[in-house]
Amino acid sequence: MAMSQAVTSAMVLDALRKVTDPGSGKDLVSLGLVVNVRVQQGKVSFDVYVPAHAEGHKDALREQCVKAVKAVPGVVAVMPNLFPKPKPR
C-alpha cells in the first residue's frame, strides 16, 4: 500500500511537543497554539499561533517546527503557517 509508514496528525502533534514557547517554556501543543494539522501523502501543514511575546522569535519557531516534524518517519515536506495569536475577546 504505502511506501513507508503513514504519517498521522497525532504523530505530527507528538513531534511538535518538542517545540517550546520562548516565554513560558511550555510546548506549543499543550498551550493550544498548534491547529489545523493536515497530512497528505507525507506532506504536512499546520497553523501555529505565535503569542505576542514570541513575535520576535517567529523565524526560530518556524525552524524548530520544521525540524521536529521532518524527524517523523514518512514526512517528505513540512509547511507551517505562523500567525499572531488572536487577543482574547
Side-chain angles (χ1 to χ4, degrees):
M1 175 188 115
M3 326 157 284
S4 62
Q5 179 181 3
V7 181
T8 65
S9 53
M11 291 160 74
V12 172
L13 287 170
D14 266 354
L16 288 170
R17 287 183 201 284
K18 297 181 181 92
V19 181
T20 54
D21 164 45
S24 68
K26 294 183 176 155
D27 73 89
L28 300 182
V29 176
S30 298
L31 292 170
L33 300 176
V34 179
V35 294
N36 303 328
V37 176
R38 294 170 296 283
V39 181
Q40 196 172 12
Q41 297 169 340
K43 295 184 182 98
V44 177
S45 65
F46 50 90
D47 299 337
V48 178
Y49 288 119
V50 180
H53 65 261
E55 197 59 43
H57 300 279
K58 205 167 162 180
D59 291 339
L61 279 175
R62 179 188 311 273
E63 219 170 274
Q64 291 169 35
C65 288
V66 169
K67 188 176 173 187
V69 176
K70 272 196 172 163
V72 176
V75 171
V76 293
V78 183
M79 294 155 284
N81 301 300
L82 280 71
F83 300 100
K85 185 172 192 259
K87 296 195 175 17
R89 294 168 190 226

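Please read these numbers as outputs of a predicted model, since none were measured by experiment.
Scanning both residues, Leu28 and Cys65, for their nearest heavy atoms gives CD1-SG, 3.9 Å. Of all the heavy atoms in Pro84 and Tyr49, the pair that sits closest is O-CD2, 3.8 Å. Ala54 and Pro22 get closest at one heavy-atom pair: CB-CG, 3.8 Å. When all heavy atoms of Lys70 and Val78 are compared, the pair lying nearest together is CG-CG2, 3.6 Å. Looking at every heavy atom in both residues, Leu33 comes nearest to Lys85 through CD2-CE, 3.5 Å. Of all heavy-atom pairs between Arg17 and Ser30, the closest is NH1-OG, 4.3 Å.
Summarising the geometry, atom CZ belonging to Arg62 is positioned 4.5 Å from atom CG belonging to Leu82; distances are rounded to the nearest 0.5 Å. Atom CZ in Arg38 sits 5.0 Å away from atom CG in Asp47 (nearest 0.5 Å).
Contact annotation: the side chain of Asp21 never approaches that of Lys26 to less than 4.5 Å [non-hydrogen atoms, C-beta and beyond]. Side-chain contact between Val76 and Lys43: present, with at least one pair of heavy atoms (C-beta onward) separated by less than 4.5 Å. Side-chain contact between Pro80 and Leu61: absent, with no pair of heavy atoms (C-beta onward) separated by less than 4.5 Å. For the pair Leu13/Val34, a side-chain contact is recorded, criterion being any heavy-atom separation below 4.5 Å from C-beta on. You'll find the side chain of Val39 stays beyond 4.5 Å of the side chain of Thr8, heavy atoms only. Inter-residue side-chain proximity for Leu16 and Asp27 is flagged as unmet; no heavy-atom pair is nearer than 4.5 Å.
Residues Val48 and Phe83 are members of one and the same hydrophobic cluster, defined by side-chain heavy-atom contacts under 4.5 angstrom among Ile, Leu, Val, Met, Phe, Trp and Tyr. In the hydrophobic clustering of this structure, Val29 groups with Val35; members are Ile, Leu, Val, Met, Phe, Trp, Tyr whose side-chain heavy atoms approach within less than 4.5 Å, directly or through other members.
Within a 6.0 Å radius of CD in Glu63, other residues, nucleotides and ligands contribute 12 heavy atoms or fewer. The local environment of NZ in Lys67 is sparse, with at most 12 non-hydrogen atoms from other residues, nucleotides or ligands closer than 6.0 Å.
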